[in-house]
There are 2 protein chains.
Amino acid sequence: MAEDRRTRRSRRALGTALVELVLERGFTALTVEDITERADVARATFYAHCRDKEDLFARVTADLLTGLAARLEPVVADSEVGFTGKPVLEMLRHAREERDQYRIVLRGEGDGKPLQMFVDALARATAEEFRARAERNAVQPRIDPELLARVWVGEQIAVLRWWVEQDVPSLPAEEVVRMLLDLALHGRYWASGFESRA
Amino acid sequence: MAEDRRTRRSRRALGTALVELVLERGFTALTVEDITERADVARATFYAHCRDKEDLFARVTADLLTGLAARLEPVVADSEVGFTGKPVLEMLRHAREERDQYRIVLRGEGDGKPLQMFVDALARATAEEFRARAERNAVQPRIDPELLARVWVGEQIAVLRWWVEQDVPSLPAEEVVRMLLDLALHGRYWASGFESRA
DNA sequence: ACTTTACTGAACAAGGTGTCTGTAAATGAA
DNA sequence: TTCATTTACAGACACCTTGTTCAGTAAAGT
């Protein structure tokens with residue numbers, strides 16, 4: 001009743017082959033044969049598992065998203081007390097482990113669709129969190145939570161990309177999170193000659 | 001000696017056809033024939049002007065970038081006095097005029113390459129500006145200007161995308177800029193129950 | 001009017017896609 | 001071990017898209 005080993009092996013091989021090749025040449029430049037060749041699998045076998053290239057790519061990135069969600073869930077549930085940036089730290093750790101996949105997604109491979117899903121998922125969850133928090137504290141948000149969430153996610157994505165694309169990390173994850181929080185919550189780090197006139 | 005009208009007409013028709021179709025179906029889904037058909041032009045004519053699909057797309061987005069640069073130049077040169085956000089306002093106005101093109105770029109169409117160029121160009125210019133400003137004020141930046149620039153650009157891109165994708169603009173450009181500045185420089189607008197514990 | 005230039009329509013080879021064979025081999029169960 | 005099932009395989013197939021070429025035609029510019 002258990003799944004055939006060959007099935008697992010083929011799927012895994014195809015997935016990792018895709019990731020490797022996308023990093024090397026980019027998604028659109030790849031042919032199905034490129035992938036099957038790298039995975040040591042027949043071309044027909046590919047179509048036994050995936051409808052097409054996009055399908056395989058969608059599986060891989062979907063796995064990444066669910067993996068992140070799984071790691072974020074307990075952290076978010078635990079951080080009821082305030083805005084601590086712990087979810088960001090957890091995301092950075094995840095990105096350090098799955099660096100290649102993150103690179104691919106953040107580079108906007110595959111028509112930017114995976115990146116859009118990534119951003120949208122983060123923004124949706126964040127906006128919801130903001131709304132809930134405001135309601136709990138019985139305050140009227142001074143700005144559309146959706147917009148605030150977009151800005152906050154935009155910062156995270158930008159830093160995440162910068163971090164994950166570096167050859168050798170110039171900052172540890174904890175440092176990055178601290179900087180990000182100081183920047184978002186208090187506008188610190190701007191005080192180096194960048195201030196506004198006001 | 002002047003350029004043939006037909007040449008201009010074909011180029012323009014192809015460009016706008018591409019933009020329309022990318023918005024409707026996405027870049028990769030298009031065939032060259034789709035484009036020439038929409039542009040009322042023979043397929044052979046297409047190849048008389050462009051090497052391939054990506055070439056045409058690159059031209060369009062490159063034009064957008066140079067157009068933005070042209071509008072930003074005087075504004076940046078004029079804002080020596082401080083961090084006023086005037087460039088952002090100008091970019092928003094540009095985006096309001098060239099909304100379709102911005103949509104396409106910000107959605108990451110074309111393998112995300114145009115978006116990367118857009119982000120990189122903004123980040124590079126911003127980082128340079130930051131470095132120059134710090135040096136002029138004779139202060140040691142407390143953080144890598146490159147990183148700070150990425151964060152700042154990340155915010156702009158996120159808001160820009162949010163703004164340009166809305167069916168009916170919920171905020172005027174000036175309001176968006178004010179919010180963005182208050183957020184970036186002082187962390188305002190977070191004070192609606194989102195504060196950190198510290 | 002005349003020359004130059006660009007658009008056209010069609011044909012072409014090359015290469016990728018997705019599907020479908022029949023066959024061989026690996027697997028899990030009896 | 002044996003057996004039925006499942007999967008991988010190699011190859012062939014029609015189809016589509018690409019990018020190039022070329023002779024014929026229309027429309028610019030001067």
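By convention in this document, chain letters (A, B, ...) are assigned in the order of the sequence lines, proteins followed by strands, and residues within each chain are numbered from 1.
Applying the 4.0 Å criterion to OP1 and OP2 of D:dA8, one finds that A:S10 has a side-chain N or O inside that range.
With rounding to whole Å, A:D40 atom CG is found 13 Å from D:dC9 atom C1'. Going from atom CG of B:L56 over to atom P of D:dT18 covers 13 Å, rounded to whole Å. Between B:R8 atom CZ and D:dA28 atom C1' there is a gap of 11 Å when expressed in whole angstrom units. Atoms CD (B:E33) and P (D:dT20) sit 17 Å apart, rounded to a whole Å. In this structure, CG of B:D34 is placed 8 Å from P of D:dT17, rounded to the nearest angstrom. Atom CZ of A:R9 and atom P of C:dA26 are 12 Å apart (whole Å). What separates CG of B:D4 from P of C:dT3 is a distance of 18 Å, to the nearest Å. Rounding to whole angstrom units, CZ of residue A:F27 and C1' of C:dG16 are separated by 14 Å.
Among residue pairs with one or both ends in residues 4-23 of chain B, none qualify as ring-ring contact (aromatic ring centres under 6.0 Å, His included); sequence neighbours excluded.
Side-chain polar atoms of B:S170 and B:Q166 form a donor-acceptor pair below 3.5 angstrom.
Checked against side chain to side chain contact (heavy atoms under 4.5 Å, CB included), A:T126 has the following partners two or more places apart in sequence or in another chain: A:F130, A:A149, A:W152, A:V153. Every residue was checked against the side chain to side chain contact (heavy atoms under 4.5 Å, CB included) condition with B:E135, not counting sequence neighbours, and none meets it. In this view, B:D34 and B:R25 satisfy the salt bridge (Lys or Arg N to Asp or Glu O under 4.0 Å) rule, not counting sequence neighbours. Residues meeting the salt bridge (Lys or Arg N to Asp or Glu O under 4.0 Å) test with A:D120, sequence neighbours left out: A:R150. With sequence neighbours excluded, no residue forms a side chain to side chain contact (heavy atoms under 4.5 Å, CB included) with A:R12. Residues passing the ring pair (Phe, Tyr, Trp, His ring centres under 6.0 Å) test with A:F46: none are found, sequence neighbours excluded.
In this structure, A:K53 and A:R5 both approach DNA chain C, and ranking their closest nucleotides by distance from the 5' end singles out A:K53. Between A:E54 and B:T7, the residue whose closest nucleotide on DNA chain C is further toward the 5' end is B:T7.
The minimum heavy-atom distance linking A:Y189 with A:M179 is given by the pair CE1-CA, 3.7 Å.
Proximity of residues 45-52 of chain B to DNA chain D (heavy atom under 4.0 angstrom from any strand atom) is restricted to B:Y47, B:D52.
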Nucleotide N/O to protein N/O under 3.5 Å, stretch nucleotides 11-16 of chain D:
none

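Enclosure of atom NZ in B:K53 by more than 12 non-hydrogen atoms of other residues, nucleotides or ligands within 6.0 angstrom is indicated.
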For residues 67-74 of chain B, tabulate all N or O donor-acceptor pairs below 3.5 Å that involve a side-chain atom, not counting sequence neighbours.
from, atom 1, to, atom 2, distance (Å)
B:R71, NE, B:E90, OE2, 3.1
B:R71, NH1, B:E97, OE1, 2.7
B:R71, NH1, B:E97, OE2, 3.2
B:R71, NH2, B:E90, OE2, 2.8

With a cut-off of 3.5 Å and sequence neighbours excluded, list every side-chain donor-acceptor pair involving residues 154-163 of chain A.
from, atom 1, to, atom 2, distance (Å)
A:W163, NE1, A:L171, O, 2.9

In dot-bracket notation, what is the pairing pattern of DNA chain D, taking Watson-Crick (N1-N3 plus N6-O4 or O6-N4) and G-U wobble (N1-O2 and O6-N3) contacts under 3.5 Å, with [ ] crossing and | for other strands?
-> ||||||||||||||||||.|||||||||.|
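Residue contacts shown for B:R6 include a base, since a base heavy atom lies under 4.0 Å away.
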